[in-house]
Amino acid sequence: MPVSRDFIGREYPASAPYEVGREQIRRFAEAIGDLNPAYLDAQAARALGHPDVIAPPTFLTVLNFRYATEGPISDPALGLDYAMVVHGEQSFELHRPVRAGDVLSSVQSVEDIKDAGRNELIVTVTQVTAAGGEQVATLRSTIVSRGTAAPREPKQA
Amino acid sequence: MPRYDEVEVGTELPARTFTITRADLVRYCGASGDFNVIHWNERIAKAVGLPDVISHGMMTMAQTGRAVTDWAGDPGAVRSYSVRFSRPVAVADDDEGATLTVSGTVEEKLDGGRVVLGLTATVGDSKVLTAAKAVVQLS
């Protein structure tokens, strides 16, 4: 079943505040197997000029799952079967590193939904701001819905 | 930390290898909140046409990014990071798991002390990422 194209261009209300904690950063760093002291030890992070421990560059991916139910991806009307989904592309623009103590707000939008052969691509953008509206990051995520594109009409001879 | 003045186009990052096992995937599910069944349920992963349980693309991206952050010294120096996931990383139910090999090269020097790194990530003979690039702020 193809994914609904009605979602193209939708922008969602800002998420509830996401409070970034030291332990959460530690858990993510441990999960990716990266025990960089800048992620785990506030003193080490301060020695690099950061006010507190910072998060790995890909940490903000957690927002896409934390707020999945407030955005398009788990909306039944989108018609996505998550077991058929794989990640296609991902980018992070980071104005500064995320750090413990940040209170983040994120706004999700659907940039595009399109066919790619038998698959469909869903491109979402997440704008992340900190207190006072400070721009922190922009995430662009392309997920692939495998094999769900509508069958093509046979071409007229 | 490498200095902008001392880095040239063509400067190579130290090559790295990272392993990923089923246990790593379970841990990453919990830390990221991505509990997609294809990352932990072999029966369903195979039923939907995948070769096995596959790693989270974001896990591959994080491990590849580590070659960048370890080179940069300060992981906060990463200004942008983008990848395409070109092939799934299958993770067998054994103690070895999958082995990811990462290399990187300085592709371009930008104004303001920033450099563009081109990254390569392979499992066996397969490139699992394409168009993998990071922009890092050097001093």
Side-chain angles (χ1 to χ4, degrees), chain A residues 23-39 44-45 47-51 53-68 73 81-99 137-144 146-147, chain B residues 1 18-21 24-39 41 44-45 47-50 54-66 68-70 72-88 129-137:
Chain A
E23 292 302 327
Q24 215 168 8
I25 290 175
R26 168 180 289 273
R27 195 158 66 118
F28 188 86
E30 287 176 348
I32 64 171
D34 188 352
L35 304 182
N36 192 311
Y39 305 146
L48 293 169
H50 305 294
V53 291
I54 62 170
T58 61
F59 174 79
L60 288 174
T61 187
V62 302
L63 297 181
N64 288 337
F65 299 98
R66 168 64 180 81
Y67 297 110
I73 299 303
D81 175 358
Y82 207 58
M84 298 312 290
V85 166
V86 294
H87 210 149
E89 298 180 27
Q90 180 68 44
S91 75
F92 297 85
E93 297 291 331
L94 299 163
H95 301 295
R96 67 158 171 84
V98 171
R99 56 194 180 231
T138 304
L139 285 64
R140 177 174 275 98
S141 174
T142 302
I143 61 172
V144 181
R146 298 184 308 120
Chain B
M1 188 161 186
F18 302 101
T19 59
I20 179 153
T21 64
D24 295 325
L25 296 184
V26 172
R27 207 172 284 123
Y28 189 82
C29 283
S32 68
D34 182 354
F35 290 94
N36 191 334
V37 289
I38 62 174
H39 301 308
N41 187 315
I44 295 178
V48 298
L50 296 169
I54 65 169
S55 179
H56 301 75
M58 292 307 302
M59 179 69 162
T60 307
M61 187 175 187
Q63 290 177 315
T64 302
R66 191 170 162 199
V68 175
T69 52
D70 283 356
D74 177 2
V78 176
R79 290 287 169 273
S80 72
Y81 181 28
S82 56
V83 305
R84 270 188 213 140
F85 303 100
S86 47
R87 286 182 77 90
L129 300 180
T130 55
K133 287 189 190 297
V135 175
V136 177
Q137 176 74 56

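We name chains A, B, ... by the order of the sequence lines, and we start the count at 1 in each one.
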Taking C-beta and beyond as the side chain, do [X] and [Y] meet within less than 4.5 Å on heavy atoms?
| X | Y | result |
| --- | --- | --- |
| A:I32 | B:M59 | yes |
| A:H50 | B:D74 | yes |
| A:T61 | B:H56 | no |

Proximal component of [X], with respect to chain B [non-hydrogen, under 4.5 Å]:
| X | value |
| --- | --- |
| A:D34 | both |
| A:R140 | neither |
| A:R66 | neither |
| A:P56 | neither |
| A:F59 | neither |
| A:I54 | side chain |

Most contacts with chain B, counted as non-hydrogen pairs under 4.5 angstrom, among A:M84, A:E93, A:Q90, A:R27: A:Q90
When A:S91, A:G88, A:P57 are compared by non-hydrogen pairs under 4.5 Å with chain B, the top option: A:G88
So what's closer than 4.5 Å to chain A heavy atoms on [X]: side chain, backbone, both or neither?
| X | result |
| --- | --- |
| B:D70 | side chain |
| B:I54 | side chain |
| B:V83 | both |

Distance, nearest 0.5 Å, that separates NE2 of A:H87 from CZ of B:R84: 13.0 Å
Based on non-hydrogen pairs under 4.5 Å, which of [options] is most in contact with chain A?
| options | value |
| --- | --- |
| B:L50, B:V135, B:V26 | B:L50 |
| B:S32, B:G57, B:A132, B:G49 | B:S32 |
| B:T69, B:V37, B:L129, B:N41 | B:T69 |
| B:Q63, B:R27, B:M58 | B:M58 |
| B:A62, B:P75, B:G76 | B:P75 |
| B:A77, B:A134, B:S80 | B:S80 |

Within 6.0 angstrom of A:R96 CZ, more than 12 heavy atoms from elsewhere: yes
Backbone of A:Y82 reached by a side-chain donor or acceptor of B:N36 within 3.5 Å: yes
Closest contact, heavy atoms only, A:V62 versus B:A31: CG1-O, 3.7 Å
Heavy-atom pair with the smallest gap, counting every atom of B:G73 and A:L48: O-CD1, 4.4 Å
